[in-house]
*Asks:* 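Dumping the structure here so I can ask a few things about it.
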Amino acid sequence: MTSTTAVAISLVLSSCVVANAFRQKKQFYPSIVYICKSNPSMAIMYMQALVAVYLIGKLTGKLFFGSLRPAESERLIEKAWYAVTETCLAFTIFKDDLSPKFVALFTLLLFLKCFHWLAEDRVDYMERTPVISYIFHLRIWLLLSILTLGDIYFVHDAYTTTMIKGPSVQLVFGFEYALLITLAANAAFKYVLHAVDVHSDTFWESKAVLLLYLEFFIGMCKAVMYVVFLIIMVRTYTIPLFAFRPMYHTLRNFKKVFQDLVLSRRAIHNMNTLYPDATLQDLQAIENVCIICREDMTAAAAKKLPCNHIFHTSCLRSWFQRHQTCPTCRLDILRPTPLTTQNSNAPIPATPTPGRRAQETPLTDASASSSATDNSHGPSTSNHTHAPSGQAGSSGNSYYNQTPIQYQFRPFTFQQRSTSIDEINRSNSDNSNNGIPESNNMNESWISFMNAAGRSGGIGPSTLFNDLPPSTSNFPFTPQVPLHLPFVGGIAIQRPNMPPNLDTLSDEELRVMEENTRQGCLARLKYITDIKCMLDAAAVMMNHYSSARLVAGLDNTDSTLNSETKTSDITENDEQSESRPSSNISSETDSSTSSGVTSSSSGSEDQLIQEETEQQRIIRLKRLEKFGSNST
Amino acid sequence: MAGSALRRLMAEYKQLTLNPPEGIIAGPTSEENYFEWEALITGPEGTCFEGGVFPAKLIFPSDYPLSPPKMSFTCDMFHPNIYSDGRVCISILHAPGDDPMGYESSNERWSPVQSVEKILLSVISMLAEPNDESGANVDAAKMWRDDREGFNKVAETLVRKTLGIPTSK
């Protein structure tokens with residue numbers, strides 16, 4: 001209503017001006033000169049020109065878009081206001097160049113911008129409407145090609161002018177039109193995607209991914225353009241204030257898209273590789289409806305998250321592009337809590353490491369299962385609650401997933417431990433139904449522990465355990481393989497943490513540890529618990545040693561094993577699986593056995609041992625090595 | 001094939017038509033455009049909004065249900081959690097990540113599990129129990145806290161207005 005009156009007034013005024021000029025000068029050229037010389041007439045003529053542009057805009061808008069929807073015009077007006085403000089700011093820089101020509105050019109730019117925005121809106125609208133007419137396609141095609149051609153022409157124009165005449169306001173035009181090209185390209189690609197989707201009969205799963213990638217690349221182009229523009233402007237003129245708001249938006253959007261892309265890729269990868277397909281029973285339990293799209297699910301196209309919620313794979317994929325949580329319970333997919341993972345048996349490493357898994361040997365299963373029995377059969381004393389060194393299996397895994405964030409100054413040990421934990425965790429699930437597996441590498445763990453503690457006394461694993469099955473040697477011997485102290489003396493012992501080399505801590509890290517912040521406290525606590533774990537382990541070893549020594553006093557004639565290690569002197573009760581080989585205890589511990597606790601069952605064991613033959617002992621030794629997995 | 005957003009909206013519309021929850025009527029403005037809905041919400045019983053029928057509109061994004069819709073009342077409203085232009089400010093309508101008021105925890109935010117029905121039901125409960133900490137309309141929040149009688153009176157006039165009954169004064 002107001003626009004029509006404005007148009008009418010402007011028309012009346014301009015016709016008045018023209019009529020007045022003709023009345024006074026009678027001829028064409030003098031009247032034109034008259035109008036150009038009189039400021040008020042010119043003002044009115046400019047107004048008329050503006051109104052004409054507006055009318056032309058309306059007309060072309062009708063031609064290409066039909067009638068605008070309320071949401072579209074709302075968005076258009078909002079964006080146009082920003083564009084006008086920024087243009088006014090731009091004028092302040094180029095006030096020397098200010099002339100009607102540039103005003104006209106800026107108006108044209110604004111005009112074209114509006115069409116780009118509308119084209120984008122229209123393309124987005126394709127997704128929303130069930131009916132798309134041929135006219136719609138024709139219009140979009142025409143519009144997008146005209147816009148792109150126009151943009152390219154103007155960019156070219158700006159480039160040549162700048163090259164010939166040096167930097168001028170054309171720089172801004174060139175940049176703006178280059179941005180508009182990206183807008184047009186974005187709209188065109190989206191249009192193609194939507195059009196393909198509309199014409200296909202099935203749900204196009206990868207469309208959302210393609211859209212995200214498209215957004216990423218367009219965002220990258222824009223960000224690069226803004227940065228280049230900023231540099232050029234700062235070098236030739238001054239800081240382009242008018243470009244800051246859109247630049248900030250572009251960069252922020254780009255960052256967000258980039259994060260989304262990375263996180264969603266990770267989450268989707270997790271989903272594809274780790275989460276099981278839903279079974280028919282699962283589906284029946286939840287009435288077979290995917291709560292994201294409210295449609296029925298089939299077992300093949302549905303995934304079960306670690307929190308036992310089931311969704312369509314495709315629905316999950318598009319949701320993970322926004323947020324990496326379970327839609328129902330908001331469990332963080334990339335960083336599950338220990339509680340959840342302990343309850344469910346599915347392993348959920350935060351960073352899937354397929355490469356590592358490939359190296360895995362079946363043997364590592366043994367350590368896993370031993371640690372599993374550890375967890376399940378230990379009477380869960382206080383050790384269980386403070387888990388900095390990681391309970392074996394899944395809970396330990398999730399702990400280590402968080403480690404790099406909280407304890408960034410221990411990257412070395414973390415790396416190694418997470419590897420082994422990963423293997424363990426993985427094999428944990430593999431091996432859950434294998435019955436009682438062999439746990440030969442327990443000894444390796446012991447040795448590694450001793451080696452790391454610097455008291456191995458030159459005893460390598462090969463000299464110690466050359467009677468073990470040959471497959472043992474395949475086990476990768478790393479000095480920091482986690483040690484799984486199994487169920488000993490009725491107490492579940494944690495695997496002690498190898499202390500990292502503290503010399504490598506940088507000043508910064510040390511300062512962090514000294515601070516009274518949360519991070520500092522956590523770091524200190526971490527070291528303290530590490531120390532405690534090692535002390536616990538040492539105490540257990542002392543236990544074993546003292547019981548072994550008692551027996552050794554009675555039975556000293558061992559020929560099968562290296563006498564240096566005293567491995568053969570191990571006590572064993574055939575029914576009990578609680579004791580373990582104290583194979584490589586060195587003389588250092590020997591001297592301090594006074595603190596060792598006498599084993600409660602050693603008395604009865606002594607008698608049994610005396611009756612054993614050599615062969616029996618070897619068998620018994622081998623069995624001992626498996627004791628970690630022995631659950632009875 | 002139509003977009004997943006459209007299919008989900010159609011499914012929700014069907015669900016709402018077959019089993020309409022009490023006190024709620026909602027549906028697309030036109031069959032052409034399923035992304036703009038109109039809803040009628042009755043004021044919850046036993047509150048100052050009792051008896052009122054409040055029209056509202058919902059605008060759905062093209063990536064619904066991954067992003068939440070926008071909801072605004074099209075009638076005059078005076079409520080701590082409704083902006084003066086009618087926009088509704090409840091946490092379920094905010095995507096996780098953006099927090100306009102800085103107090104919501106992420107577990108009450110939007111997720112695809114939510115639906116139009118749940119949104120409208122939470123709006124009803126919001127009408128019954130305003131959250132005066134959010135303060136989309138500070139005047140209303142202040143009045144709700146300090147001058148409950150005055151608030152009730154304003155609400156009553158609003159209710160009468162929506163029903164087309166002249167105020168009793």
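Here is how names work: the chains are called A, B, and so on, in the same order as the sequence lines, proteins then strands, and each is numbered from 1. The analysis underlying the following values was restricted to heavy atoms, covering all of them including side chains, and did not include hydrogens, waters or symmetry mates.
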*Asks:* Identify, with sequence neighbours excluded, every residue that meets salt bridge (Lys or Arg N to Asp or Glu O under 4.0 Å) alongside B:Asp76.
*Replies:* B:Lys161
*Asks:* Could you list which of residues 45-61 of chain B have a heavy atom closer than 4.5 Å to any heavy atom of chain A, in residue-number order?
*Replies:* B:Phe60, B:Pro61
*Asks:* May I ask you to check whether over 12 heavy atoms, not counting those of A:Arg265, lie within 6.0 Å of atom CZ?
*Replies:* no
*Asks:* Indicate yes or no: at least one non-hydrogen side-chain atom of B:Ser111 is less than 4.5 angstrom from one of A:His323.
*Replies:* no
*Asks:* Taking side chain as everything from C-beta outward and backbone as N, CA, C, O, which of these in B:Ala11 sits under 4.5 Å from a heavy atom of chain A? Side chain, backbone, both or neither.
*Replies:* side chain
*Asks:* Tell me the closest heavy-atom pair linking B:Trp110 and A:Trp319, and the distance in Å.
*Replies:* O-CH2, 4.3 Å
*Asks:* Which residues pass the salt bridge (Lys or Arg N to Asp or Glu O under 4.0 Å) test with A:Lys255, not counting sequence neighbours?
*Replies:* none
*Asks:* For the CG atom on B:Leu18, are there more than 12 heavy atoms of other groups (residues, nucleotides or ligands in this structure) within a distance under 6.0 Å?
*Replies:* yes
*Asks:* Quick one: what part of B:Gln15 sits under 4.5 Å from any heavy atom of chain A, side chain, backbone, both or neither?
*Replies:* neither
*Asks:* Which atom pair, heavy atoms only, marks the closest approach of A:Arg294 to B:Arg8?
*Replies:* NH2-NH2, 3.4 Å
*Asks:* Any chance CZ of A:Phe189 has more than 12 other-residue heavy atoms, nucleotides or ligands included, within less than 6.0 Å?
*Replies:* no
*Asks:* Does atom CZ of B:Phe78 have more than 12 heavy-atom neighbours, drawn from other residues, nucleotides or ligands, at distances under 6.0 Å?
*Replies:* yes
*Asks:* Drop me the distance from B:Arg109's CZ to A:Thr325's OG1, to the nearest 0.5 angstrom.
*Replies:* 11.5 Å
*Asks:* Taking non-hydrogen atoms and a cut-off under 4.5 angstrom, which of residues 65-74 of chain B neighbour chain A?
*Replies:* B:Pro65, B:Leu66, B:Ser67
